[in-house]
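Following: one structure in structure tokens, then a few remarks.
So you know, we letter chains A, B, ... as the sequences are listed, proteins then strands, and number each from 1. The figures that follow rest on heavy atoms only: side chains count, while hydrogens, waters and symmetry mates do not.
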2 protein chains.
Amino acid sequence: MSAPGNRGRRQAEAERNDRALLQAAREVLAADGAHASVASIAARAGVGIGSLYRRYRTKEELFQRLSALSLEHWNEAAERGLADDDPWRGLKGFITACVEFGQGSLSPVAGTIEVTEQMAASSARGDELLAALVARAHEAGVLRADVTAVDISLLIEQLGTSPLLDQLRKQGRDDLVGAAMEARARLVTIAVDGLRAVHTEPLPGGAPSGGLFTERWARAPEPPATGARGSGRAG
Amino acid sequence: MSAPGNRGRRQAEAERNDRALLQAAREVLAADGAHASVASIAARAGVGIGSLYRRYRTKEELFQRLSALSLEHWNEAAERGLADDDPWRGLKGFITACVEFGQGSLSPVAGTIEVTEQMAASSARGDELLAALVARAHEAGVLRADVTAVDISLLIEQLGTSPLLDQLRKQGRDDLVGAAMEARARLVTIAVDGLRAVHTEPLPGGAPSGGLFTERWARAPEPPATGARGSGRAG
DNA sequence: CGATCGCGGAGTGGATTGCTCCGCTCGTGC
DNA sequence: GCACGAGCGGAGCAATCCACTCCGCGATCG
């Protein structure tokens with residue numbers, strides 16, 4: 001900031017630290033929920049608390065950044081999926097990417113942080129992209145007809161939240177994390193197979209309305225309309 | 001204790017309180033993780049903290065009781081499944097029952113409480129029952145061949161942990177809880193459909209070994225053998 | 001109508017948390 | 001080769017939260 005000419009090794013290390021911080025925050029948040037402490041995040045990232053607080057002025061700011069990045073990742077994955085010629089492969093790739101990225105680990109912070117305009121906009125765009133992905137798959141006849149976009153959102157959130165993975169990481173059993181991720185990949189394949197159009201058994205209950213999951217980011221339970229709000233999607 | 005003859009209305013109310021306490025503990029535990037406070041549990045159950053502590057001497061004792069009950073429920077559900085003539089319907093009923101009961105909400109306490117002998121025994125029996133359920137379905141040719149018992153355990157844990165449900169309960173939106181449960185029931189149907197034998201796409205990676213998930217209940221990361229230990233199953 | 005029992009919740013010491021501040025290390029410019 | 005300062009890690013602080021104890025009160029039973 002002060003001296004405008006220094007873009008050396010210092011800065012590169014700072015960026016690496018930032019990435020480590022964000023990844024650590026994702027993992028600790030998934031394991032400990034919204035009560036995750038900044039100390040544990042910094043420790044997991046291998047940086048000092050001071051470094052964390054130079055980059056993010058408050059804990060909430062860090063969580064907001066994390067949420068914004070997750071929403072961006074969602075949108076990028078959806079765009080990649082739409083870019084695929086095969087509607088089914090595109091949808092499946094989208095779901096897999098979101099689950100593996102850990103989309104859904106941010107669910108616990110929903111309702112505890114202020115929603116920025118950027119997040120709201122990103123979220124709205126994500127809804128459109130997912131709707132397009134689902135509509136295309138429906139038209140191609142590869143996705144069972146009674147599955148909605150909300151079902152997909154929920155599926156990603158459910159599979160993207162892995163108690164086993166979280167616990168292993170929390171206990172420091174990093175050697176088993178890879179195996180656990182492989183095991184989860186199996187579940188994703190199973191669940192995605194269940195989405196294919198070949199099934200005949202109808203889904204129970206009526207199709208879930210998007211409205212049910214619309215206000216999850218709102219802070220307080222009482223006010224039904226809080227202005228900017230996220231979608232029903234995970235993290 | 002002192003007067004041995006009073007088994008009147010008092011006792012009935014006490015039992016109701018106990019049930020409310022256990023259900024509340026399940027919900028709060030699912031929402032807040034292992035850090036769930038006894039105060040919030042008591043509040044959710046609508047009883048005073050004092051009442052909680054007269055029944056359970058410590059927080060850990062309450063969690064142990066909860067774990068034991070979950071394991072029992074798992075076994076009962078598995079036995080009901082085995083009692084069903086149709087191997088497929090039996091397996092599906094078992095999975096559905098476990099998910100809806102909230103099996104998996106206890107995952108966060110794994111590794112934080114002492115494992116009692118009763119829990120260890122119950123857990124071992126649960127493993128046997130599930131293995132029988134899976135073997136029977138395999139023999140009948142209704143379950144895809146590359147699915148293992150560990151896959152089923154993991155599936156139940158994943159689907160039994162619902163961030164959306166937890167958040168709604170935490171925010172007090174009890175009016176939406178029913179809808180969220182219905183939405184999750186749809187996911188269960190989808191995932192279970194993916195388990196059927198008709199699918200041809202192989203599951204990625206090797207079949208997960210049970211050993212990977214065996215030591216989840218052990219308290220510390222270092223000691224590899226802690227004596228009594230649970231299975232890889234949820235809750 | 002008095003004795004008794006279970007109930008709810010205020011109170012308490014200790015642990016934890018978000019955040020600040022500061023001494024130190026090490027890359028950088030001369 | 002040296003002085004400088006940016007960025008680092010983590011000790012420290014006030015506020016909060018936690019598990020658990022203790023006690024007054026109202027309902028129930030003989």
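Not counting sequence neighbours, A/R26 has no partner by the salt bridge (charged side-chain N to carboxylate O under 4.0 Å, His left out) test. In this structure A/D174 satisfies the salt bridge (charged side-chain N to carboxylate O under 4.0 Å, His left out) test together with A/R44, sequence neighbours excluded. Listed by chain and number, the residues in a salt bridge (charged side-chain N to carboxylate O under 4.0 Å, His left out) with A/E79 are A/R125 (sequence neighbours excluded). Considering only residues two or more places apart in sequence or on other chains, A/T96 meets the side-chain contact (heavy atoms from CB on, under 4.5 Å) condition with A/K92, A/E100, A/V188. By the side-chain contact (heavy atoms from CB on, under 4.5 Å) test, A/N17 pairs with A/V47, A/R55, sequence neighbours left out. For the salt bridge (charged side-chain N to carboxylate O under 4.0 Å, His left out) test, residues two or more places apart in sequence or in another chain that qualify with B/E61 are B/R57.
No contact: B/R57 has no heavy atom under 4.0 Å from any strand.
For the pair A/L21 CG and D/dG7 P, the interatomic distance rounds to 16 Å; values are reported in whole Å. If you measure from atom CZ of B/R55 to atom P of C/dG6, you get 9 Å, rounded to the nearest angstrom. At whole-Å resolution of the value, CZ in A/F63 and C1' in C/dG18 are 11 Å apart. Straight-line distance from the CD atom of B/E15 to the P atom of C/dC7: 12 Å, rounded to whole Å. Summarising the geometry, the separation between CG on B/L52 and C1' on D/dT21 is reported as 14 Å, rounded to the nearest angstrom. Following rounding to the nearest Å, A/D18 (CG) and D/dG7 (P) show an atom-to-atom distance of 14 Å. Across the protein-nucleic acid pair, A/N17 atom CG and D/dA6 atom C1' stand 14 Å apart, rounded to whole Å.
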Would you mind writing out the side-chain donor-acceptor pairs for residues 28-39 of chain B within the sub-3.5 Å range, not counting sequence neighbours?
residue	atom	partner	partner atom	Å
B/D32	OD1	B/K170	NZ	3.0
B/S37	OG	B/S40	N	3.2
B/S37	OG	B/S40	OG	3.0

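No donor-acceptor pair closer than 3.5 Å links the side chain of B/E27 to the backbone N or O of B/R169.
Taking the six-membered ring wherever Trp is involved, the centroid distance between the rings of A/W74 and A/F94 falls below 6.0 Å.
Residue B/R54 has no polar side-chain atom (N or O) positioned under 4.0 Å from OP1 or OP2 of D/dC20.
Here the nucleotide nearest the side chain of B/Y53, chosen from C/dG6, D/dC8, D/dA19, is D/dA19. Listed nucleotides: C/dT17, D/dA19, D/dC20. Nearest to the side chain of B/S37: D/dA19. Candidate nucleotides C/dC19, D/dC18, D/dC8 were compared by shortest atom distance to the side chain of B/K59, and D/dC18 ranks first.
Contacts between residues 29-36 of chain A and DNA chain D, defined by a heavy-atom separation below 4.0 Å, involve no residue at all. A heavy-atom distance below 4.0 Å to DNA chain C is reached by these residues of residues 39-51 of chain B, ordered by number: B/G46, B/V47, B/G48, B/I49, B/G50, B/S51.
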